[in-house]
*Asks:* 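Below is one structure. I have some questions about it.
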Number of protein chains: 4
Amino acid sequence: MKKKQRALGRPRKEQGAMATEEIILHTATGLFLEKGFQHVSMDDVAKKCNVTKATVYYYYKTKTDLFMDSMIKLMVRIRERSSAILSTDEPLKTQLFQFASAHLKATVDIDINTFMKEAKITLSQEQMEEMKKAEDALYNELESALTRSMERGEIRKCNPRLATLVFVNLLTVKNSMDESYQNSFDSVEDLAKELVDFYWNGLAGGN
Amino acid sequence: MKKKQRALGRPRKEQGAMATEEIILHTATGLFLEKGFQHVSMDDVAKKCNVTKATVYYYYKTKTDLFMDSMIKLMVRIRERSSAILSTDEPLKTQLFQFASAHLKATVDIDINTFMKEAKITLSQEQMEEMKKAEDALYNELESALTRSMERGEIRKCNPRLATLVFVNLLTVKNSMDESYQNSFDSVEDLAKELVDFYWNGLAGGN
Amino acid sequence: MKKKQRALGRPRKEQGAMATEEIILHTATGLFLEKGFQHVSMDDVAKKCNVTKATVYYYYKTKTDLFMDSMIKLMVRIRERSSAILSTDEPLKTQLFQFASAHLKATVDIDINTFMKEAKITLSQEQMEEMKKAEDALYNELESALTRSMERGEIRKCNPRLATLVFVNLLTVKNSMDESYQNSFDSVEDLAKELVDFYWNGLAGGN
Amino acid sequence: MKKKQRALGRPRKEQGAMATEEIILHTATGLFLEKGFQHVSMDDVAKKCNVTKATVYYYYKTKTDLFMDSMIKLMVRIRERSSAILSTDEPLKTQLFQFASAHLKATVDIDINTFMKEAKITLSQEQMEEMKKAEDALYNELESALTRSMERGEIRKCNPRLATLVFVNLLTVKNSMDESYQNSFDSVEDLAKELVDFYWNGLAGGN
DNA sequence: GATGAATGAGCGTTCATTCAT
DNA sequence: TATGAATGAACGCTCATTCAT
């Protein structure tokens, strides 16, 4: 493979020029989310980054490490977005709706469970803990919001942890829907609305 | 290779002697549920059955075929159990509770999505259809029950398909719970009760 | 697989009803010629005969045995046909033409070499001898005809064995021709004629 | 795994140190010619090269690719040799004799047909084209020489393409000869002479 | 900082062959 | 006479990982 010609002289450090390490991480995240841990090979990552496999290994000791870093950084980003939404003055229901919309819009679903289950087999105890922590941080934000809301009497008192898990889980129903059913919703906001309504009212509850 | 010991006395003729084919299917189902499609090799299955890989291939043309058969038979079994529960005269909420209890009790969660996503890559169009059909049959039972209930005015009118998916989805929160949190429920029935309550009342509703 | 229903009573030994053994041999010959030794599995043969692999093994101890029998019987048949052609009163050139036509017409080319080379690796010494004998018998007929012709002064004196091999070899050029070139001959007879002319006159000679 | 012993003294720097890729190609060519496509496993090649199978796959994406490269490079080499012979000022018959000698001497017979037939089943359309092209280039050299000769009136006018194929084919009779008959020729040149004579004079023709 | 070469271990699959019935 | 079940050995291929440069 021929080296690409490079303009002479000291290349001015381009602003947008991501460092190799970042490129790899970013690319890997995309691939992992798209195909799942197993179906992404280190070669796939390398090729998509226009570097060699050895280079990937230069930055990430193992495939699992790369996966870990990808997922954790991803969760951090998600948490930041969530944080922003949940720290406004809007009423809880509105916040939940915004939260749901944001997540359903992301190609990237939070169905981190799916990835985790697949990867867990290869994760060390220590890595598991780290993942857990990142996940927890993600959930805690929401849990606090719910707790506050209960205290203010906005919603009925119930197990806030469970309520959190249920809500996050709810956003993954999209994956159970077949194409045609998914299309029966006019927009993502539509689906978000229906889900939040369901979460809010339950089967029996008011309109 | 050791002959499998057979308990003394009882089995005259073939009584109790599971056919190899069944043993393989049964073993495979367990392994697939435990580790996921990718992490189960044909050799794993074979070894656990005390036969050779070739024997497994004698009964199942490909790994995917074996997986398909495993999952479809599993869904059929689940559906049968569900059917039994949903066709009684009990009020819907009771039925939902029984349904939830049964599923949460099974080591085997209905989180078929997780498996599907992982395996889908290798499934042929035709196989996908077949899977879909099995999955649909599974959901339809519940959907009908919900629809009937709406018609009788037992619960509020809403999209029964979505309600179904949400309910099934709800049962998978267990997977998002870490060990310690899971143990905070006295029993599976406890968890089932909480989940059904949530499903029934929503965040706002209930007494 | 259901047994095909059989009419009651003692089945009259149908005339055309080939014995299983024959069916197998016949089928195998066809497959071997079509795909070559390696690309025909015992299962292929069995399936095409509507019997099980075990049945094939009941009649033929090994795949090589089956191949041997197929090829030898084939060579015998070819020899008989050749014999008929070479024992007429026609002039030699005419006989050669008929010989060539007959062989080129057969889907079954005499390119036995190709099969042999492929199979030889698995043939035992003894089997090789047997094959050789069948091949020789095939060639001897032609060699005698050539020798007689030389003695009668019809053709120039030369090594009759070599002349035989060259002639048989000549008939295999068809395999070297690509489709389009093959089609440039109006008919098999056309090609046969050209080849025999070449054989007869050489590069320099003739009219 | 033993380090390969290297002869003392000579090879300073990489002199004589064939690159692994070349070693593999060279070894593979030999094996394919000796045993045919089917009977050579990637492991065979690897072992004979003192590398692992994975290394072979590092250089050649599939077995078919390795085969293709082997055969095409071989044909190129043959063509070069042929070219040299056919571009001298010698009379055609002498050239043909040299051509025949050269080929018969090579352990490597041009019986490329045999290999092709065996391998064709696994070749892609594109690969087939490439092979055809290499084969054609091989034949064209000879065909041109024959055509030129016809134009100069050295030999009788006839289909030059067919004449080419016949000649090349003729050189494969050696494969039809059993050991003992092959030994009846004093030397390869002897056999070459007889074959060229036959090709030149035909059955009927001059002395 | 980045790479080319090499490997070990494993996987899905095929197939000739055996054997008890 | 015919078969269903089972197997051992191989094969083509992939991939995470290592290492010298």
Side-chain angles (χ1 to χ4, degrees), chain A residues 1 3 19-21 24 37-46 49-67 122, chain B residues 1 19-21 24 38-46 49-67 122, chain C residues 1 3 19-21 24 37-46 49-67 122, chain D residues 1 19-21 24 38-46 49-67 122:
Chain A
M1 197 175 297
K3 293 269 164 198
T20 308
E21 187 170 0
I24 292 171
F37 184 75
Q38 293 299 327
H39 295 288
V40 175
S41 77
M42 290 301 255
D43 247 340
D44 290 343
V45 176
C49 296
N50 284 321
V51 296
T52 62
K53 219 182 344 181
T55 304
V56 178
Y57 273 94
Y58 180 77
Y59 290 105
Y60 299 91
K61 232 174 70 257
T62 67
K63 185 185 174 185
T64 309
D65 281 3
L66 176 56
F67 178 75
T122 39
Chain B
M1 195 171 299
T20 307
E21 187 171 1
I24 292 172
Q38 295 297 331
H39 294 285
V40 176
S41 77
M42 291 301 257
D43 243 340
D44 289 343
V45 176
C49 295
N50 283 322
V51 296
T52 61
K53 217 185 341 182
T55 302
V56 177
Y57 275 96
Y58 180 75
Y59 292 104
Y60 299 91
K61 238 177 57 251
T62 65
K63 186 185 173 186
T64 309
D65 280 6
L66 177 55
F67 178 75
T122 38
Chain C
M1 196 175 299
K3 294 269 168 200
T20 308
E21 188 171 3
I24 292 172
F37 183 74
Q38 293 298 327
H39 296 286
V40 175
S41 76
M42 290 301 256
D43 245 339
D44 290 342
V45 176
C49 295
N50 284 320
V51 297
T52 62
K53 219 178 351 179
T55 304
V56 177
Y57 274 93
Y58 180 76
Y59 290 107
Y60 299 91
K61 232 174 70 257
T62 68
K63 185 185 174 186
T64 309
D65 282 3
L66 177 55
F67 178 75
T122 38
Chain D
M1 197 173 300
T20 308
E21 189 172 359
I24 292 172
Q38 295 296 331
H39 294 285
V40 176
S41 78
M42 288 304 254
D43 245 340
D44 290 343
V45 175
C49 296
N50 282 321
V51 296
T52 61
K53 214 186 344 184
T55 301
V56 178
Y57 274 97
Y58 179 74
Y59 292 103
Y60 298 92
K61 238 175 59 248
T62 65
K63 185 185 174 187
T64 308
D65 280 7
L66 177 55
F67 178 75
T122 39

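Numbers restart at 1 for each chain; the letters A, B, ... are given by sequence-line order, proteins then strands.
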*Asks:* Does a side-chain N or O of B:Y58 approach OP1 or OP2 of E:dC15 to a distance below 4.0 Å, or not?
*Replies:* no
*Asks:* First locate atom CG of C:N50, then atom OG1 of C:T20, and finally report the distance between them rounded to the nearest 0.5 Å.
*Replies:*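 OG1 of C:T20 is found 11.0 Å from CG of C:N50.
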*Asks:* Could you identify the nucleotide paired to E:dA20, looking across every strand shown and requiring Watson-Crick or G-U wobble geometry with both distances under 3.5 Å?
*Replies:*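 WC or wobble partner is F:dT3.
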*Asks:* So, is D:T55 near the phosphate of E:dA6, with a side-chain N or O under 4.0 Å from OP1 or OP2?
*Replies:*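 No, no such contact exists.
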*Asks:* Can you confirm whether D:H39 sits close enough to D:D44 that some side-chain heavy atom of one is under 4.5 Å from a side-chain heavy atom of the other?
*Replies:* no
*Asks:* Which nucleotides of nucleotides 11-16 of chain F have their base under 4.0 Å from a protein heavy atom (B), which only their sugar-phosphate (S), and which neither (-), written as one string 5' to 3'?
*Replies:* SBBBBB
*Asks:* Looking at side-chain heavy atoms only, is the closest gap between C:F37 and C:K63 below 4.5 Å?
*Replies:* yes
*Asks:* Roughly, in whole Å, what's the span from CD1 in C:I24 to C1' in E:dA16?
*Replies:* 15 Å
*Asks:* Provide, to the nearest angstrom, the distance between the CG atom belonging to B:D65 and the P atom belonging to E:dG12.
*Replies:*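 That distance rounds to 13 Å.
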*Asks:* What distance do D:T55 atom OG1 and D:M42 atom CE have between them, rounded to the nearest 0.5 Å?
*Replies:* 11.0 Å
*Asks:* Rounded to whole Å, please give me the gap between OH in D:Y60 and P in E:dA6.
*Replies:* 12 Å
*Asks:* Would you mind telling me which residue lines up with the more 5' stretch of DNA chain F, B:V56 or C:T20, judged by nearest nucleotide?
*Replies:*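 Nearest-nucleotide comparison on DNA chain F picks C:T20.
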*Asks:* Drop me the distance from C:Y59's OH to C:C49's SG, to the nearest 0.5 angstrom.
*Replies:*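 Reported value, rounded in 0.5 Å steps: 11.0 Å.
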*Asks:* When rounded to the nearest 0.5 angstrom, what distance separates OH in C:Y57 from CG in C:D65?
*Replies:* 10.0 Å
